[in-house]
Amino acid sequence: MADLTKVTHAQNIRYDWRAEALYIIDQTLLPNEEREIRLQTVEEMVDAIRTLKVRGAPAIGICAAYCMYVLARSIRTGDQQAFLQKLSEYGEQLNASRPTAVNLSWAIRAMLHTAEEHRDCTRDQMLDALYEEAAAIHRDDIAKCAAISEYGLSLVKDGDGILTHCNAGPLATSRYGTALGPILLGTERGMRFKVFSDETRPLLQGARLTSYELQRAGVDVTLICDNMASIVMKNGWVQACFVGCDRVAANGDTANKIGTSGVAILAKHYGIPVYVLGPTSTIDMDCPDGAHIPIEERDPEEIKNLWYEKPMALPDVKCYNPAFDVTDHDLITAIVTEKGICRPPFTKSLAALFKGNK
Ligand code: MRU
């Protein structure tokens, strides 16, 4: 049986009590180097999120929660109102670092809510409560990923071919991951899958992170360029597509890494099911549909220069570099959450997940 402890327990984000410091694995260095960096100032934190040193919707949320704790510790004032004001400003700065993944604002809101609830406590009690909230968000994500993995595993069978896009594994979340969760869990149980990992232009999360995580876990993974998804589907090598999500609207429209909607359109053509896997913290019931999801646009240099020894286009060529696209709900077979598998009509099945929560 495969030993996945190194992969599934990857401590991509950790608060070190002895050093009183927050560390993340710098994902931009992978797969060539596994190195931790320390995040101390709000500027370093914003930069880490913006430049994808930490990335993947759930991981961004977990990281932001610990960031808020570290920043709270740095606030030196005895005046509670001034403390809350400063913490809220830090929250705004972090929140502005990336717009699409809803987990970021969700985690920051949870931390600010905890601070507000402890406004009459001592500084130490306040800090303890904030640490506990961040750790709870982290623990919850581990549990949610485990549940998502179980539900996802029920959708495939031994020997299946699975295509995935971008990276929704342990590095993007905690422990098993979401879209890679069923694959890693099944592998742990002795199942064999044949996984096709889209390289995911322009930032190559599929090549650098997904194929790295799967290969280390002993999964049969084949790296393909994004424009090869169609041929592997046509060849009959893919029985399911598993993708993550950055924000799911109330009607099921789903923002995920740019190129996901193309995968879903191809899959529909070839009659292959498309499963979106993510925690309920990625579902934004206040967002009615995909048209309301803010889509991050990134620096054209990522297309023209990054990863290449020489520029791959003329310096002044016009580029369009959206980081995400929206997959229409009618291309999605099911949305797999920690609370169960939602099927169309998503307006009803997603709403049912949150019944009694508000
Ligand atoms: O720009 P990224 O690398 O943060 O984009 C990540 C994705 O699109 C993932 O598929 C998504 O966040 C799900 S991670 C479990």
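Between the side chain of Thr114 and the main chain of Ala110, a donor-acceptor pair closer than 3.5 Å is present. Between the Ser88 side chain and the Leu84 main chain, no donor and acceptor come within less than 3.5 Å of each other. Between the side chain of Glu44 and the main chain of Gln40, a donor-acceptor pair closer than 3.5 Å is present. For the pair Arg208 (side chain) and Leu30 (backbone), a donor-acceptor distance under 3.5 Å is present. Side-chain atoms of Glu338 come within 3.5 Å of backbone N or O of Thr280 as a donor-acceptor pair. A donor-acceptor pair under 3.5 Å links the side-chain atoms of Thr254 to the main chain of Gly252, judged by distance alone. Between the Thr210 side chain and the Cys166 main chain, a donor and an acceptor come within less than 3.5 Å of each other.
When all heavy atoms are compared, the tightest approach of Ala249 to Leu350 is O-CD1, 3.5 Å.
Under the salt bridge (Lys or Arg N to Asp or Glu O under 4.0 Å) rule, Glu296 has a single partner from Arg50, Arg55, Arg98, which is Arg98.
A cation-pi arrangement is present between Lys86 and Tyr90 under the rule of less than 6.0 angstrom and at most 45 degrees off the ring axis. Judged by a 6.0 Å distance limit and a 45° cone about the ring axis, Lys339 is positioned over the six-membered ring of Phe354.
Classified by interplanar angle (parallel below 30°, tilted 30° to 60°, perpendicular above 60°), the ring pair Tyr15/Tyr66 is parallel.
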**Message:** Please determine whether salt bridge (Lys or Arg N to Asp or Glu O under 4.0 Å) holds for the pair Lys257 and Asp246, giving the CA-CA distance in whole Å, both sets of side-chain angles, and the decisive distance to 0.1 Å.
**Reply:** CA-CA 8 Å; Lys257 179 51 54 196; Asp246 286 82; over 6 Å; no

**Request:** Check the pair Glu132, Arg139 against salt bridge (Lys or Arg N to Asp or Glu O under 4.0 Å), reporting the backbone distance first and the verdict last.
**Result:** CA-CA 10 Å; Glu132 189 35 51; Arg139 274 197 309 273; 2.7 Å; yes

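Distance check, rounded to the nearest 0.5 Å: CD1 of Ile24 to CD of Gln11 gives 13.5 Å.
Between Asp226 and Arg201, no side-chain nitrogen of the basic residue sits less than 4.0 Å from a carboxylate oxygen of the acidic one, so the salt-bridge criterion is not met.
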